[in-house]
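Here is the structure we will look at, set down as structure tokens.
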Amino acid sequence: MALAKAIESYGAEAGIRNPALAEKSGVPLSTLRKILKLRSVADFEQMRKLADALGIKVSDLVSRAESIAARTGLEDKEGDIH
């Protein structure tokens, strides 16, 4: 959930809607929708493509997801994101 929210927030900041993000990243729109609706988990290559399309590093995306997880209680005691 945190990764989906991070993708959505970076997309909103960049003014990129999901169809344009899918096209720019090369990640099929159906796959992007599954990732954002938590029906699929993004693999590293998909995360890299999405980050590139958003003009950020994968580490920025992961860092924001970790921050979201921490704020919303999605991290467990070991720091793993759920």
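None of the values given here were measured: they were computed from a predicted structure.
- Between Ile68 and Thr72, the shortest heavy-atom contact is O-OG1, 2.7 Å.
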All N/O donor-acceptor pairs, side-chain side in residues 8-21, below 3.5 Å, sequence neighbours left out:
from: Ser9; atom 1: OG; to: Lys5; atom 2: O; distance (Å): 3.4
from: Ser9; atom 1: OG; to: Ala6; atom 2: O; distance (Å): 3.0
from: Ser9; atom 1: OG; to: Arg64; atom 2: NH1; distance (Å): 3.0
from: Glu13; atom 1: OE2; to: Arg64; atom 2: NH1; distance (Å): 2.8
from: Glu13; atom 1: OE2; to: Arg64; atom 2: NH2; distance (Å): 3.3

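- Residues passing the side chain to side chain contact (heavy atoms under 4.5 Å, CB included) test with Arg48, sequence neighbours excluded: Phe44, Glu45, Asp52, Val58.
- Listed by chain and number, the residues in a salt bridge (charged side-chain N to carboxylate O under 4.0 Å, His left out) with Glu23 amount to none (sequence neighbours excluded).
- Taken to the nearest 0.5 Å, the CG atom of Leu61 stands 4.5 Å off from the CD1 atom of Ile56.
- Looking at heavy atoms from C-beta onward, Leu50 lies out of side-chain contact with Met47 at the 4.5 angstrom threshold.
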Listed pairs under 3.5 Å, donor-acceptor, residues 26-34 side chains, sequence neighbours left out:
none

